[in-house]
Amino acid sequence: MNKRYRQARFLTSAAKLKRAPSDEGYEVAFAGRSNAGKSSAINALCDQKALARTSRTPGRTQLLNFFEIDPERRLVDLPGYGYAKVSENVKRDWQGALSDYLQQRQCLRGLILVMDARHPLKDYDLQMLAWANQIPLPVHVLLTKADKLNRQQSGTALQRVEEALREFSTNFSVQLFSALKRWGIDEAHAQLDRWLADTTAP
């Protein structure tokens, strides 16, 4: 377990980008459908049970939630998309915050896109990939809940997503992951480390 991420602590929540912390340092954001296991993935990567709020009711993450690793580095839990039973006005507000964040945040180094390994590449997932490709922003896909599949099924899911990612020109990658079984944590940490590295260091 990478000790850096155990130090993560909740910093602040913001309904709009203008309420976010100063746009400096390094950030990696987490996005995904509301029932894909995004909060569980963040908690597993930080070896904490309740850092990111999990809920039996998908769609509760309606704010930009910032977690500080150190004064220069943050993880950001973005609003879940594609499921929540809320009014269209509320949905537009938080999708607008997500859009502003992805397109305007200068310190954003990469996006962890969380997909349920049993149901990857839904319309919203493909929309997020196309969006990131246009910015351009590197993406690392976590195929969560991989423990729900057997080896053949998980291999098929991984191959399917790998093939889909080849359609994009930006640096996209994918791995299998299980928060419950703690599979894939070292691989995900390695990707986070690359994005959060101080690129100005000699």
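Fair warning: this is a prediction, and the values are worked out from it, not measured in the lab. Numbers for residues simply follow the sequence, beginning at 1.
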Sequence neighbours left out, cut at 3.5 Å: what donor-acceptor pairs do the side chains of residues 159-169 make with other protein atoms?
unit_1, atom_1, unit_2, atom_2, d
Ser169, OG, Asn133, OD1, 3.3

Query raised in the report: Is there a donor-acceptor contact under 3.5 Å from the side chain of Asn65 to the main chain of Ser13?
Result: no
Query raised in the report: Mind checking whether Leu158 and Val174 have side chains closer than 4.5 Å, heavy atoms only?
Result: yes
Query raised in the report: Do Leu176 and Trp183 share a hydrophobic cluster (ILVMFWY, side-chain heavy atoms under 4.5 Å, transitive)?
Result: no
Query raised in the report: Who passes side chain to side chain contact (heavy atoms under 4.5 Å, CB included) against Ala31, sequence neighbours left out?
Result: Leu78, Tyr81, Leu111, Leu113, Met128
Query raised in the report: Would a 4.5 Å heavy-atom cut-off, applied to side chains only, mark Arg4 and Leu196 as touching?
Result: yes
Query raised in the report: What distance separates Gln103 CD from Leu98 CG, expressed to the nearest 0.5 Å?
Result: 9.5 Å
Query raised in the report: Restricting to pairs with a member in residues 117-138, which pass salt bridge (Lys or Arg N to Asp or Glu O under 4.0 Å), not counting sequence neighbours?
Result: Asp116-Arg118
Requested in this report: Enter the distance from Leu180:CG to Thr144:OG1 here, rounded to the nearest 0.5 Å.
Outcome: 11.5 Å
Report task. Search all heavy atoms of Asn35 against all heavy atoms of Lys145 and return the closest pair with its distance. Result -> O-NZ, 2.9 Å
Query raised in the report: Do Ile42 and Ile112 touch side chain to side chain, with heavy atoms closer than 4.5 Å?
Result: no
Requested in this report: Check whether any side-chain heavy atom of Leu192 sits under 4.5 Å from a side-chain heavy atom of Leu75, and report yes or no.
Outcome: yes
**Report entry** Main-chain N/O of Gly184 paired with Gln175 side-chain donor or acceptor, under 3.5 Å
**Finding:** yes
Query raised in the report: If you round to the nearest 0.5 Å, how far is CZ of Arg151 from OG1 of Thr156?
Result: 13.0 Å
Query raised in the report: So among Arg73, Arg109, Arg105, which one has a side chain to side chain donor-acceptor pair (under 3.5 Å) with Glu27?
Result: Arg105
Report task. Could you grab the distance from atom CZ of Phe66 to atom OG1 of Thr12, nearest 0.5 Å is fine? Result -> 8.0 Å
Query raised in the report: Where do Thr170 and Val139 land on the side chain to side chain contact (heavy atoms under 4.5 Å, CB included) test, with the steps shown first?
Result: CA-CA 8 Å; Thr170 307; Val139 174; over 6 Å; no
**Report entry** Close side-chain approach of His140 and Ser173, heavy atoms under 4.5 Å
**Finding:** yes
Query raised in the report: Do the side chains of Asp77 and Phe67 get nearer than 4.5 Å, heavy atoms only?
Result: yes
Report task. Nearest 0.5 Å please: distance from the CD1 atom of Ile69 over to the CD atom of Gln7. Result -> 9.0 Å
Query raised in the report: Can you name the nearest heavy-atom pair linking Leu11 to Pro21, along with the distance?
Result: CD2-CG, 3.9 Å
**Report entry** Heavy-atom closest pair, residues Tyr26 and Trp195
**Finding:** CD2-O, 4.4 Å
Query raised in the report: When rounded to the nearest 0.5 angstrom, what is the spacing between CG in Asp47 and NE2 in His189?
Result: 8.0 Å
Query raised in the report: Can any side-chain N or O of Gln48 pair as donor or acceptor with the backbone N or O of Ala8 at less than 3.5 Å?
Result: yes
Query raised in the report: Taking C-beta and beyond as the side chain, do Phe177 and Glu187 meet within less than 4.5 Å on heavy atoms?
Result: no
Query raised in the report: Would you say the side-chain atoms of Asp23 pair up with the backbone N or O of Gln106, donor to acceptor, closer than 3.5 Å?
Result: yes
Query raised in the report: Should Leu45 and Phe30 count as side-chain neighbours, where that means a heavy-atom distance under 4.5 Å?
Result: yes
**Report entry** Minimal non-hydrogen separation, Pro120 against Leu143, with atom names
**Finding:** CB-CD2, 4.1 Å
Report task. Applying side chain to side chain contact (heavy atoms under 4.5 Å, CB included), run through Tyr5 and Asp193 and close with a yes or a no. Result -> CA-CA 10 Å; Tyr5 301 103; Asp193 286 346; 2.7 Å; yes
Query raised in the report: Where do Phe172 and Leu137 come nearest, in terms of heavy atoms and distance?
Result: CE2-O, 3.4 Å
Query raised in the report: Shortest non-hydrogen contact from Leu149 to Ala157?
Result: CD1-CB, 4.5 Å
